[in-house]
Protein chains: 2
Amino acid sequence: MEDTKTSPKPRVRDAEATQKRIMAAAKKEFARNGLGGARVDVIAEQAKANKRMIYHYFESKETLFQRVLEEAYSDIRSAEQKLQLDHLDARSALEKLVRFTWKYYLDNPEFITLVNSENLHKAKHLKKSELIHTMSRRFVSMVGELLERGVKEGVFRDGIDPVQLNITIAAINYYYLTNRFTGSIVFERNLMAPEALEERLTFNIETIMRLVCKD
Amino acid sequence: MEDTKTSPKPRVRDAEATQKRIMAAAKKEFARNGLGGARVDVIAEQAKANKRMIYHYFESKETLFQRVLEEAYSDIRSAEQKLQLDHLDARSALEKLVRFTWKYYLDNPEFITLVNSENLHKAKHLKKSELIHTMSRRFVSMVGELLERGVKEGVFRDGIDPVQLNITIAAINYYYLTNRFTGSIVFERNLMAPEALEERLTFNIETIMRLVCKD
DNA sequence: CAATCAACGCACTAACTAGTTACTTTATAT
DNA sequence: ATATAAAGTAACTAGTTAGTGCGTTGATTG
């Protein structure tokens, strides 16, 4: 946090900054190539650090991956908490949540790839994480409260499971983006063209609204 | 196809059978570990073949992966074609399609992992494939025709894009299963318990019906 | 039955990769 | 200033890994 010399000799010793550069480089490399495909040497180079530093601050490649993954989850959960859905009527709040999810995945494609990689490894790194549960619970109850409020307002159907809804909102946005390469070939259309993205978002909002709203 | 000796000495020379064993072993290994994580030696061993044979029949690890991927797509597309949705009224046909998709992913988890791995590699192997397009077109028109028929029957909404619907049906089923490990931790429930699977299928059918059907 | 060709397998290599050893450089506390 | 601990680096190691060279074995055909 403290600026250690803005003067003559530029890059000096700074443990915190080095760790941050390593984390950033690791996130990029893990996202691009998965845990198995990522190269520690590449991370070191990209971080403008030495490979030894990675093993100094993080004990192994896997530990580094775990840290990156935790940070990725912590980032999305904290962004969700800033949504302030309770300031809006239930319908608008739900739409806002869908729009947010879409935009978040679009702006942070590493999140998707990291999660895919973690699932390939049967979530063995996430299992070790403590803070995941606290963050997740808050997220689920946020949606749960929104659903309850919508029912009270008389606009949402009753009896919808917040977890199923969460999964579905994630699914329709996530799947489209994670499978954008094979999808573009299979459906012979560029799924990442601006109009295509617009169209998908509209479709997804419609899907969720029809699922949740009365009539 | 011809049974070369069912008599005394069991496993003799059989090019076709060896190739099939290699393909099967490769599918398993690629699905379990992705293209990068898969080991050619493991494939050879699992196939009860020699590594040399892999390079004899398939020119490289990547070519083998491409063949496995093509076969996986060809398998699901051909299973879809056997559905005979036109024998049912539109609503039942749509439900049948959702049920089929769910069950197919559940019974063939390798398909999901292979597709994930291919997307990590930006679909570079699928790009080279010729027959993908023919199969995909037939699939899209199958759903397109179903939608048209439902509109004529007066049960489906008009103007739904078959591609968007296809993607959504795949998404809500695929996402739940591919992210079952992280999902089970994040939501603190075993997403693969029989009741959970049942519940998810019901929810997914509801989602699609509400999206497509009138009122 | 001899010759030919395809199926098969051992043992190697060249390149790579996670992790380490042993060292130098810099900030800081006395 | 200077001792000390932390930050940083280069070069190495031990183990893997995709891919091959070359020889053997068995089926087929004239």
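Worth saying up front: this structure is predicted, and the values here are computed from it rather than measured. Throughout, protein chains are lettered first and strands after them, A, B, ... in sequence-line order, and every chain is numbered starting at 1.
Across the protein-nucleic acid pair, A/D41 atom CG and D/dT9 atom P stand 14 Å apart, rounded to whole Å. At whole-Å resolution of the value, CD in B/E45 and P in C/dC8 are 17 Å apart. One can place CD of A/Q19 at 13 Å from P of D/dA6, the figure rounded to the nearest angstrom. Atom CG of B/L64 and atom P of D/dG19 are 10 Å apart (whole Å). Atom CZ in A/F65 sits about 14 Å away from atom P in C/dA18, given to the nearest Å. Spacing between atom CD1 of B/I22 and atom C1' of C/dG9 amounts to 13 Å, rounded to whole angstrom units.
Here the two rings, on B/Y105 and B/Y176, have centers that are 6.0 Å apart or farther. In this structure, A/F30 has its ring center closer than 6.0 angstrom to the ring center of A/F65.
If you check residues 53-63 of chain A against DNA chain D, the residues with a heavy atom closer than 4.0 Å are A/M53, A/H56, A/Y57, listed by number. Residues from residues 23-32 of chain A lying near DNA chain D, meaning a heavy-atom separation below 4.0 Å, are absent.
With sequence neighbours excluded, the residues that form a salt bridge (Lys or Arg N to Asp or Glu O under 4.0 Å) with B/R99 are B/E95. In this structure, the salt bridge (Lys or Arg N to Asp or Glu O under 4.0 Å) partners of A/D161, at least two apart in sequence or on a different chain, are B/R189. For A/T63, the side-chain contact (heavy atoms from CB on, under 4.5 Å) partners two or more places apart in sequence, or in a different chain, are A/E59, A/S60.
When only modelled atom types and interatomic distance are considered, B/E29 and B/Q46 share no side-chain donor-acceptor pair under 3.5 Å. A side-chain donor from one of A/S129 and A/E70 sits under 3.5 Å from a side-chain acceptor of the other. A side-chain donor from one of A/T182 and B/N119 sits under 3.5 Å from a side-chain acceptor of the other.
Salt bridge status for B/R210 with B/E206: present, with a side-chain N to carboxylate O gap under 4.0 Å.
The only option from B/Q66, B/E118, B/R67 that meets the side chain to side chain donor-acceptor pair (under 3.5 Å) definition with B/H125 turns out to be B/E118.
Comparing C/dT17, D/dT17, C/dC8 by their nearest atom to the side chain of B/R39 picks out D/dT17.
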Can you list the steps and then say if A/L211 with A/L165 is a side-chain contact (heavy atoms from CB on, under 4.5 Å)?
-> CA-CA 9 Å; A/L211 174 64; A/L165 179 60; 4.1 Å; yes
Extract from the structure each pairing of a protein N or O with an N or O of nucleotides 11-15 of chain C at less than 3.5 Å, listing the distance.
none

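At the heavy-atom level, B/A38 lies under 4.0 Å from the strands shown only through sugar-phosphate atoms.
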